[in-house]
**Q** 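Pasting a structure here, questions to come.
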Amino acid sequence: ADWFFDVNADGTWDYVITSQARLTDYATARQPGDWAVYGVSLDFDDPGSYYFSVAPSGFLPRYDHPVKADLGFWPIKFVATGPTLEDARAQLEAGDAAVRQFLSAQGFPEEAMRVQNILVEDRLAGYNASNTPDLARFVLTEEFIVTSTDVDAIAGAARGVGDLIRAGVVFSSDTYNAGPSYVFTGLNDLKTDMLAEATLRAREAAEQFAAEAGANVGTIQSANQGVFEILAEVEIPDQRPEKQIDKKVRVVTTITYFLQ
């Protein structure tokens, strides 16, 4: 790609900038990973001096850092039914005791366990009361949670959920909250190093482009500090990222350099 400049508008070209043919590909920037030429400036007091302003096109430069979740929590939602409120309550208490015994056997302390909520439903008071069996008039639902920084222990306990079923615990059909969730809380400790690494990689990419274009990397024209995200290590469609222990912290930065 060549640029022609008629400075005094006399019909003749005063300056011609000739680039390598590969620069045309970057100028169109149709593919992720290409570099788009955002502008060309000349110093007319020094005809041999010209600068290209370049920035990534088609994607945002990113840097991923692998991490492991450092906090896990497992919501356990189970139900009990009975012909009377007292019968349902007794069954719910038995389920609660079974859950606590199971978790204690897995090594979780009592302070890691807590009841979040208990819901009570009288089906005879509902719109479909005539179809309610007498033995299942009252339905009690307990929302229980165990929390730990030992995420491997949380995952191991969840794999043993069959023991709770054999103990008579009837789980709720709430599939959205089923299973443990894992979070990473150490983002602030990584930000400085990750931004430095992302900036270094952006510089390396600019230098590679400059080498191919026969130019030199100049100063930074503009820079975006970046946005941090905590994502699942393996991004699986329709799976919530908090369901995976292994994660990655991603920073997206945009740095525009002058090429000279």
Side-chain angles (χ1 to χ4, degrees), residues 67-187 229-247:
V67 296
K68 183 176 181 178
D70 53 18
L71 180 64
F73 53 95
W74 180 19
I76 304 172
K77 197 172 183 179
F78 55 94
V79 300
T81 60
T84 68
L85 185 59
E86 180 62 25
D87 290 333
R89 183 190 63 80
Q91 186 179 341
L92 191 73
E93 288 179 351
D96 182 274
V99 170
R100 291 178 184 275
Q101 182 179 0
F102 169 78
L103 292 173
S104 295
Q106 299 288 325
F108 294 99
E110 186 67 28
E111 56 268 24
M113 316 172 203
R114 69 179 186 273
V115 177
Q116 291 188 298
N117 196 16
I118 295 179
L119 306 175
V120 180
E121 178 187 2
D122 182 357
R123 288 183 173 177
L124 286 183
Y127 69 92
N128 200 26
S130 60
N131 295 324
T132 299
D134 292 339
L135 293 178
R137 173 181 173 177
F138 290 94
V139 179
L140 273 61
T141 303
E142 180 169 315
E143 297 175 352
F144 188 98
I145 192 169
V146 57
T147 306
S148 176
T149 55
D150 188 345
V151 293
D152 293 323
I154 291 279
R159 288 193 293 268
V161 71
D163 292 340
L164 286 174
I165 296 174
R166 284 187 288 270
V169 178
V170 179
F171 290 95
S172 166
S173 59
D174 182 2
T175 56
Y176 183 82
N177 290 314
S181 295
Y182 309 96
V183 296
F184 176 69
T185 64
L187 177 60
E229 293 181 283
I230 301 176
L231 306 169
E233 181 183 45
V234 179
E235 298 181 47
I236 302 173
D238 301 323
Q239 185 184 73
R240 292 155 57 197
E242 64 266 26
K243 294 301 180 182
Q244 292 188 32
I245 290 180
D246 294 318
K247 304 181 182 296

**Q** Which is it for Glu143 and Ser172 under the side chain to side chain contact (heavy atoms under 4.5 Å, CB included) test, yes or no, and what are the steps along the way?
**A** CA-CA 9 Å; Glu143 297 175 352; Ser172 166; over 6 Å; no

**Q** Using a 4.5 Å cut-off on heavy atoms from C-beta on, say whether the side chain of Val146 contacts that of Val99.
**A**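 Side-chain contact under 4.5 Å: no.
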
**Q** Heavy atoms only: give me the nearest Ser148-Phe108 pair and the separation to one decimal.
**A**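 Minimum heavy-atom contact is CB-CE2, 3.8 Å.
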
**Q** Taking all non-hydrogen atoms of both residues, which atom of Ile154 and which atom of Pro180 are closest, and how far apart?
**A**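 Reported closest heavy-atom pair: CG2-CB, 3.5 Å.
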
**Q** How many angstroms lie between OG in Ser181 and CG in Leu71, if you round to the nearest 0.5 Å?
**A**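 Interatomic distance, Ser181 OG to Leu71 CG, rounded to 0.5 Å: 10.5 Å.
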
**Q** How far does CD of Glu242 sit from CD1 of Ile230, to the nearest 0.5 angstrom?
**A**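 Answer rounded to 0.5 Å: 11.5 Å.
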
**Q** Is it the case that more than 12 heavy atoms not belonging to Gln101 sit under 6.0 Å from its CD atom?
**A**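 Counting neighbours around CD of Gln101, 12 or fewer heavy atoms of other residues, nucleotides or ligands fall under 6.0 Å, so no.
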
**Q** Give me the atom names and distance for the closest heavy-atom approach of Trp74 to Ala158.
**A**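 Smallest heavy-atom distance, with atoms named: CH2-CA, 3.7 Å.
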
**Q** Could you go through the side chain to side chain contact (heavy atoms under 4.5 Å, CB included) check for Phe171 and Val161 one step at a time?
**A** CA-CA 10 Å; Phe171 290 95; Val161 71; 3.4 Å; yes

**Q** Looking only at heavy atoms, what is the nearest atom pair of Ala80 and Ala88, with distance?
**A**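 In this case the closest contact between Ala80 and Ala88 is CB-O, 3.5 Å.
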
**Q** Between Asp87 and Arg137, does any side-chain N to carboxylate O distance fall below 4.0 Å?
**A**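 Result for this pair is no, no salt bridge flagged.
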
**Q** I want to check something: taking the side chain as every heavy atom from C-beta on, are Thr141 and Glu121 in contact at a cut-off of under 4.5 Å?
**A**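 No, every pair of side-chain atoms sits at 4.5 Å or beyond.
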
**Q** Could you grab the distance from atom CZ of Phe138 to atom CZ of Arg123, nearest 0.5 Å is fine?
**A**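 The CZ atom of Phe138 sits 11.5 Å away from the CZ atom of Arg123.
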
**Q** Is the backbone of Thr185 close enough, under 3.5 Å, to the side chain of Asp70 for a donor and an acceptor to pair up by distance?
**A**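 Checked: pair present.
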
**Q** Do Phe102 and Val169 have side-chain heavy atoms sitting under 4.5 Å apart?
**A**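 No, side chains not in contact.
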
**Q** How far does NZ of Lys68 sit from OH of Tyr182, to the nearest 0.5 angstrom?
**A**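 Here the rounded value is 10.0 Å.
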
**Q** Which atom names give the shortest non-hydrogen contact between Lys243 and Gly179, and what distance separates them?
**A**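 Closest heavy-atom pair between Lys243 and Gly179: NZ-O, 3.1 Å.
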
**Q** What's the spacing between Lys77 NZ and Phe144 CZ if we round to 0.5 Å?
**A**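 Lys77 atom NZ to Phe144 atom CZ measures 15.0 Å (nearest 0.5 Å).
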
**Q** Are Leu119 and Val79 close enough, and set up right, to give a side chain to side chain contact (heavy atoms under 4.5 Å, CB included), and what steps lead you there?
**A** CA-CA 9 Å; Leu119 306 175; Val79 300; over 6 Å; no

**Q** Is Asp134 atom CG crowded by more than 12 heavy atoms from other residues, nucleotides or ligands, each under 6.0 Å away?
**A**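 No, CG of Asp134 has 12 or fewer neighbouring heavy atoms, counting only those of other groups under 6.0 Å.
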
**Q** In a check of side-chain contact (heavy atoms from CB on, under 4.5 Å) between Leu92 and each of Val120, Val139, Val170, Leu140, which one passes?
**A**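 Single pass found, and it is Leu140.
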
**Q** To the nearest 0.5 Å, what is the distance between CG on Leu135 and OG1 on Thr81?
**A**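 Taking CG in Leu135 and OG1 in Thr81, the distance rounds to 8.0 Å.
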
**Q** Looking at every heavy atom in both Ser104 and Met113, which two are closest together, and how far apart are they?
**A**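 Looks like OG-CE, 3.5 Å.
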
**Q** Take Ile236 and Gln244 through the side chain to side chain contact (heavy atoms under 4.5 Å, CB included) test and state the conclusion after the steps.
**A** CA-CA 10 Å; Ile236 302 173; Gln244 292 188 32; 3.8 Å; yes

